[in-house]
Novice: 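Okay, handing you the structure first.
We're numbering straight along the sequence, starting at 1.
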Amino acid sequence: MGFAEPRYYDIRALEGSGTHIDIDNGVIESAGTAFSDTAVIRALGEKGWGTVVVDNFSALGDAGIRRKVDEALTLARATGEDVALADVTSSILPVPGVAEDPRNVSLEEKTEILLGIERAAALTGIVNTRTRYVETAATVRFENSEGASYAYEIVRSGYSILAVAGRDGQMQMGRESEHGITGLNIRHKEAKGREAAERALSLLDARPAKGGKMTAILDPELGGVFAHEAIGHASEGDLVKEGASVVKDKRGVAIASPVVNVTDDPTMPEFGFMPVDDEGTAVQRTPIIRNGVLENFLHDRQTLAAVGGGIAGHARAQGGSPPVVRMSNTFIENGDATLEELLEACGDGILLKGSRGGQVDPGRGVFQFNAEYGYLVEGGEMTAMVRDVSLSGDILTTLHTITMVAGDRTMSQGYCGKAGQSVPVSDGSPHILLEDAVIGGGQA
């Protein structure tokens, strides 16, 4: 196809299916599959973007596509933002193979497997269980006016199990989840259901944590949340461009302890894997912080041209939406310590485990994350379990308080929301030691 008027245009089409199963207390609340065939067509006029979303794209034909590009260009003429696009390399990576294709397993069988996970969580004292399975399969096709063209197919699937324990009016919950891109991952996961239930029951007997400044160890899940929420979002080029990032003028500056290295890597075969980004740009491992120094921002073509100082290939889009700058697989890299060495260095403090979400303001540079639970550390040993515990503070101050990094990084999976879109991501960390961490607690 060839169009003379737009300075640039691209077409990203997505054809596929989405399957879900929701079970509450053994009752199948909903299960089904929906199909989609949509495309987002963008055209860059003299000033700014025009965007058209097309349903039933496969039936459009070349003439119909040309009309849609013209519509997008007409819309672009109403905009007034100066837009430049950085020159980039376009190429595509192979998608990792699938061990067992979820699409080859019937909805009935997947539902029965999921019921098994939930039954394993139904221990004495558990008052509610909730299980969810999500599967998406899509063929993605992209082309632009510069001649870049690619197509790939990717299947993502995963589950979560939530168990709620109750006693004398007190409720506590435990949660486990796993998501991936390498095939069906719900078989033989009954132990995960039991783990969620046993943790919920244990939390009934745990005491509320006492807040204050203390030495703290973050486990890989909470450390990963810190990497994603506090560091990753602040490094996204669109926030930097808008002046809404605390690190907007910090490239080349030591913003963390020298033991801190943070990376976003779309090439990893994790839940946030991208064979190519949603603007057709080749993806690559992107160091954000290297030995404590802010090295790169994450960019799409527009923010790279506007801001500079980083790497493109981080444009992502939910189906039917235009791309924005997003993370993929974001993590704190391994150090050379062990958890035992971190506990010894901690002395008397606290170990925070798991995540129950939180809040971050990348512009002001402040955050507050809730841990799922924790353990007191006394004399270098883990002792009593505690609940209702959180970590808060200033991003740049906290980064300088990380004094030790273990070598046991693991990754967790989830969905990241931004600009009204949700995309699959993963984050991770080894255990890390923070001095003078601001710990929030309940009523001691």
Novice: Donor-acceptor pair, distance only, cut-off 3.5 Å: does the side chain of Gln421 make one with the backbone of Pro322?
Specialist: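 Pair found, side chain donor or acceptor close to backbone of Pro322.
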Novice: May I ask you to check whether over 12 heavy atoms, not counting those of Glu29, lie within 6.0 Å of atom CD?
Specialist: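 Enclosed: over 12 neighbouring heavy atoms sit under 6.0 Å from CD of Glu29.
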Novice: With heavy-atom distances below 4.5 Å as the criterion, would you say the side chains of Asn128 and Asp24 are in contact?
Specialist: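 In contact.
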Novice: If the condition is salt bridge (Lys or Arg N to Asp or Glu O under 4.0 Å), which residues does Asp37 pass it with, not counting sequence neighbours?
Specialist: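 Partners of Asp37 by the salt bridge (Lys or Arg N to Asp or Glu O under 4.0 Å) criterion come out as none, since no residue qualifies.
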Novice: Which pair of non-hydrogen atoms, one from Ile332 and one from Ala227, has the smallest distance, and what is that distance?
Specialist: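 Closest approach of Ile332 to Ala227: CG1-CB, 3.8 Å.
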Novice: Are any side-chain N or O atoms of Arg301 and backbone N or O atoms of Ala86, one a donor and one an acceptor, separated by less than 3.5 Å?
Specialist: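 Flag set: sc Arg301 to bb Ala86 pair under 3.5 Å.
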Novice: According to salt bridge (Lys or Arg N to Asp or Glu O under 4.0 Å), does anything in residues 224-236 pair up with another residue at least two apart or in another chain? List the pairs.
Specialist: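 The answer is Glu236-Lys418.
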Novice: Is the side chain of Asp277 donor-acceptor paired with the backbone N or O of Ala315 at a distance under 3.5 Å, no angle test?
Specialist: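 Flag set: sc Asp277 to bb Ala315 pair under 3.5 Å.
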Novice: Yes or no on side-chain hydrogen bond (donor to acceptor under 3.5 Å, both in side chains) for Ser328 and Asp264, after CA distance, side-chain angles and deciding distance?
Specialist: CA-CA 6 Å; Ser328 57; Asp264 186 85; 2.7 Å; yes
Novice: OG/Ser426 to CE/Met327 distance, rounded to the nearest 0.5 angstrom?
Specialist: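 The distance works out to 11.0 Å.
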Novice: I'd like to know whether CD of Gln359 has more than 12 heavy-atom contacts from other residues, nucleotides or ligands below 6.0 angstrom.
Specialist: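 Atom CD in Gln359 is not crowded, with 12 or fewer foreign heavy atoms closer than 6.0 Å.
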Novice: Tell me the ring-ring contact (aromatic ring centres under 6.0 Å, His included) pairs involving residues 248-294, sequence neighbours left out?
Specialist: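 The answer is His179-Phe271, Phe271-Tyr415.
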Novice: Would you find a donor on one side and an acceptor on the other, under 3.5 Å apart, between the side chain of Ser245 and the backbone of Ala234?
Specialist: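 Confirmed, Ser245 side chain pairs with Ala234 backbone.
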Novice: Within the side chain of Ser90, is there an N or O that forms a donor-acceptor pair under 3.5 Å with the backbone of Val88?
Specialist: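 Answer holds: no.
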Novice: Could you pull out all residues at least two apart from Glu279 that satisfy salt bridge (Lys or Arg N to Asp or Glu O under 4.0 Å)?
Specialist: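 Listed in chain order: Arg42.
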Novice: For Pro287 and Asn296, work out which heavy atoms get closest and say how close.
Specialist: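 Reported closest heavy-atom pair: O-ND2, 2.9 Å.
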Novice: According to ring-ring contact (aromatic ring centres under 6.0 Å, His included), does anything in residues 50-96 pair up with another residue at least two apart or in another chain? List the pairs.
Specialist: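 Output for this query is empty, none listed.
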Novice: Under the side-chain contact (heavy atoms from CB on, under 4.5 Å) criterion, do Thr79 and Trp49 qualify, and how do the steps go?
Specialist: CA-CA 7 Å; Thr79 63; Trp49 293 101; 6.0 Å; no
Novice: With sequence neighbours excluded, give me every ring-ring contact (aromatic ring centres under 6.0 Å, His included) pair touching residues 275-326.
Specialist: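 Listed by first then second residue: nothing to list.
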Novice: Any non-hydrogen side-chain atom of Val98 less than 4.5 Å from a side-chain atom of Thr182?
Specialist: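 With C-beta onward as the side chain, the pair stays apart.
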Novice: Would you say CG of Asp87 has more than 12 non-hydrogen atoms from neighbouring residues, nucleotides or ligands within 6.0 angstrom?
Specialist: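 Atom CG in Asp87 is not crowded, with 12 or fewer foreign heavy atoms closer than 6.0 Å.
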Novice: Within this structure, what is the CG-CD1 distance for the pair Leu434 and Ile439, rounded to the nearest 0.5 Å?
Specialist: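 Taking CG in Leu434 and CD1 in Ile439, the distance rounds to 8.0 Å.
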Novice: Can you see which heavy atom on His431 is nearest to which on Ile217, and at what distance?
Specialist: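 Nearest heavy atoms, His431 then Ile217: CD2-CG2, 4.0 Å.
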Novice: Would you indicate whether Arg364, at its atom CZ, is surrounded by more than 12 heavy atoms from other residues, nucleotides or ligands within a distance under 6.0 Å?
Specialist: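 Atom CZ in Arg364 is not packed in, count stays at 12 or less.
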Novice: State, with a plain yes or no, whether a side-chain heavy atom of Ile21 is found less than 4.5 Å away from one of Tyr159.
Specialist: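 In short, these two side chains do not touch, never coming nearer than 4.5 Å.
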Novice: Could you give the distance from NE2 (His20) to CG (Leu107), rounded to the nearest 0.5 Å?
Specialist: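 Reported to 0.5 Å precision, the distance equals 9.0 Å.
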Novice: So Thr330 and Val425, do their side chains get closer than 4.5 Å, heavy atoms only?
Specialist: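 Heavy-atom side-chain distance check fails, nothing below 4.5 Å.
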Novice: Would you mind listing every salt bridge (Lys or Arg N to Asp or Glu O under 4.0 Å) that reaches into residues 324-335, with sequence neighbours excluded?
Specialist: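 Sorted pair list: Arg285-Glu333, Arg290-Glu333.
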Novice: Any ring-ring contact (aromatic ring centres under 6.0 Å, His included) involving residues 220-263? Give me the pairs, sequence neighbours left out, ordered by first then second residue.
Specialist: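 Every ring-ring contact (aromatic ring centres under 6.0 Å, His included) pair that includes a residue of residues 220-263, provided the two are not neighbours, is Phe226-Phe367, His228-His233.
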Novice: Please answer whether the main-chain N or O of Val366 pairs with a side-chain N or O of Asp394 as donor and acceptor at a distance below 3.5 Å.
Specialist: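 The answer is no, because no donor-acceptor pair under 3.5 Å joins these two groups.
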Novice: Against Glu178, only a single residue in Arg132, Arg156, Lys189 fulfils salt bridge (Lys or Arg N to Asp or Glu O under 4.0 Å); can you say which?
Specialist: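 It is Lys189; the other options fail the test.
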Novice: Looking only at non-hydrogen atoms, find the nearest pair between Ile92 and Ala151 and report the distance.
Specialist: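 Here Ile92 and Ala151 meet closest at CD1-O, 3.9 Å.
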Novice: Would a distance-only check, ignoring hydrogens and angles, find a side-chain to backbone donor-acceptor pair under 3.5 Å from Arg7 to Val83?
Specialist: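 Yes: the side chain of Arg7 pairs with the backbone of Val83.
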Novice: Between Tyr150 and Tyr152, how do the two ring planes meet: parallel, tilted or perpendicular, split at 30° and 60°?
Specialist: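 Because their plane-to-plane angle is under 30°, the rings of Tyr150 and Tyr152 count as parallel.
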Novice: Got a sec, which residues hit salt bridge (Lys or Arg N to Asp or Glu O under 4.0 Å) with Arg194, two or more places apart in sequence or on another chain?
Specialist: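 None.
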Novice: Which atom pairs, one a donor and one an acceptor, fall under 3.5 Å between side chains of residues 249-260 and the rest of the protein, sequence neighbours left out?
Specialist:
residue : atom : partner : partner atom : Å
Arg251  : NE   : Glu295  : O            : 2.9
Arg251  : NE   : Gly309  : O            : 3.2
Ser257  : OG   : Val259  : N            : 3.3
Ser257  : OG   : Ile402  : O            : 2.8

Novice: Could I get the full list of salt bridge (Lys or Arg N to Asp or Glu O under 4.0 Å) partners for Glu372, not counting sequence neighbours?
Specialist: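 For Glu372 the salt bridge (Lys or Arg N to Asp or Glu O under 4.0 Å) partners, ignoring immediate neighbours, are Arg199.
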Novice: Using distance alone, with no hydrogens and no angle criterion, decide if Ser412 and Glu221 have a side-chain donor and acceptor under 3.5 Å apart.
Specialist: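 No, no side-chain donor-acceptor pair sits under 3.5 Å.
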Novice: Taking Ser145 for its side chain and Tyr9 for its backbone only, find out whether a donor-acceptor pair lies under 3.5 Å.
Specialist: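 Such a contact is found between Ser145 side chain and Tyr9 backbone.
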Novice: With sequence neighbours left out, which residue pairs that include part of residues 106-117 fulfil the salt bridge (Lys or Arg N to Asp or Glu O under 4.0 Å) condition?
Specialist: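 For residues 106-117, and leaving out neighbouring residues, the salt bridge (Lys or Arg N to Asp or Glu O under 4.0 Å) pairs sorted by first residue read Glu109-Arg187, Lys110-Glu135, Glu112-Arg119.
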Novice: So, Asp278 side chain and Ala317 main chain: donor-acceptor pair closer than 3.5 Å or not?
Specialist: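 Yes, the answer is positive, given that a donor and an acceptor are paired below the 3.5 Å cut-off.
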Novice: Got a second to check how far Glu100's CD is from Leu184's CG, nearest 0.5 Å?
Specialist: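 So the CD of Glu100 and the CG of Leu184 are separated by 5.0 Å.
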Novice: If you compare all heavy atoms of Met173 against all heavy atoms of Leu203, which two are closest, and at what distance to 0.1 Å?
Specialist: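 Minimum heavy-atom contact is O-CD1, 3.6 Å.
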Novice: Taking the side chain as everything from C-beta on, heavy atoms only, tell me whether Glu153 gets closer than 4.5 Å to Val95.
Specialist: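 No, too far: nothing below the 4.5 Å cut-off.
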Novice: Keeping the roles fixed (side chain from Glu15, backbone from Thr139), state whether a donor-acceptor pair exists under 3.5 Å.
Specialist: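 No; zero donor-acceptor contacts below 3.5 Å.
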Novice: Please test Ser177 against Gln413 for side-chain contact (heavy atoms from CB on, under 4.5 Å), starting from the C-alpha separation and ending with a verdict.
Specialist: CA-CA 8 Å; Ser177 67; Gln413 308 84 37; 5.7 Å; no
Novice: Do Pro6 and Leu44 have side chains that approach each other closer than 4.5 Å (heavy atoms only, starting at C-beta)?
Specialist: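 No; the side chains remain at least 4.5 Å from each other.
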Novice: What is the distance from atom CD1 of Ile186 to atom OG of Ser157, rounded to the nearest 0.5 Å?
Specialist: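 Here the rounded value is 7.5 Å.
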Novice: Are the side chains of Ile395 and Val360 in contact, using a 4.5 Å heavy-atom criterion?
Specialist: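 When only atoms from C-beta onward are counted, Ile395 and Val360 do touch, with a gap below 4.5 Å.
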Novice: Could you tell me which non-hydrogen atom of Gly320 sits nearest to which non-hydrogen atom of Val40, and how far apart they are?
Specialist: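 Scanning both residues completely, I find the closest heavy atoms to be C-CG2, 3.4 Å.
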Novice: For the OH atom of Tyr373 and the CD atom of Gln172, what is their distance to the nearest 0.5 Å?
Specialist: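 Output value for this atom pair is 13.0 Å.
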Novice: Check whether any side-chain heavy atom of Asn291 sits under 4.5 Å from a side-chain heavy atom of Asn261, and report yes or no.
Specialist: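 Result yes, sub-4.5 Å side-chain heavy-atom pair found.
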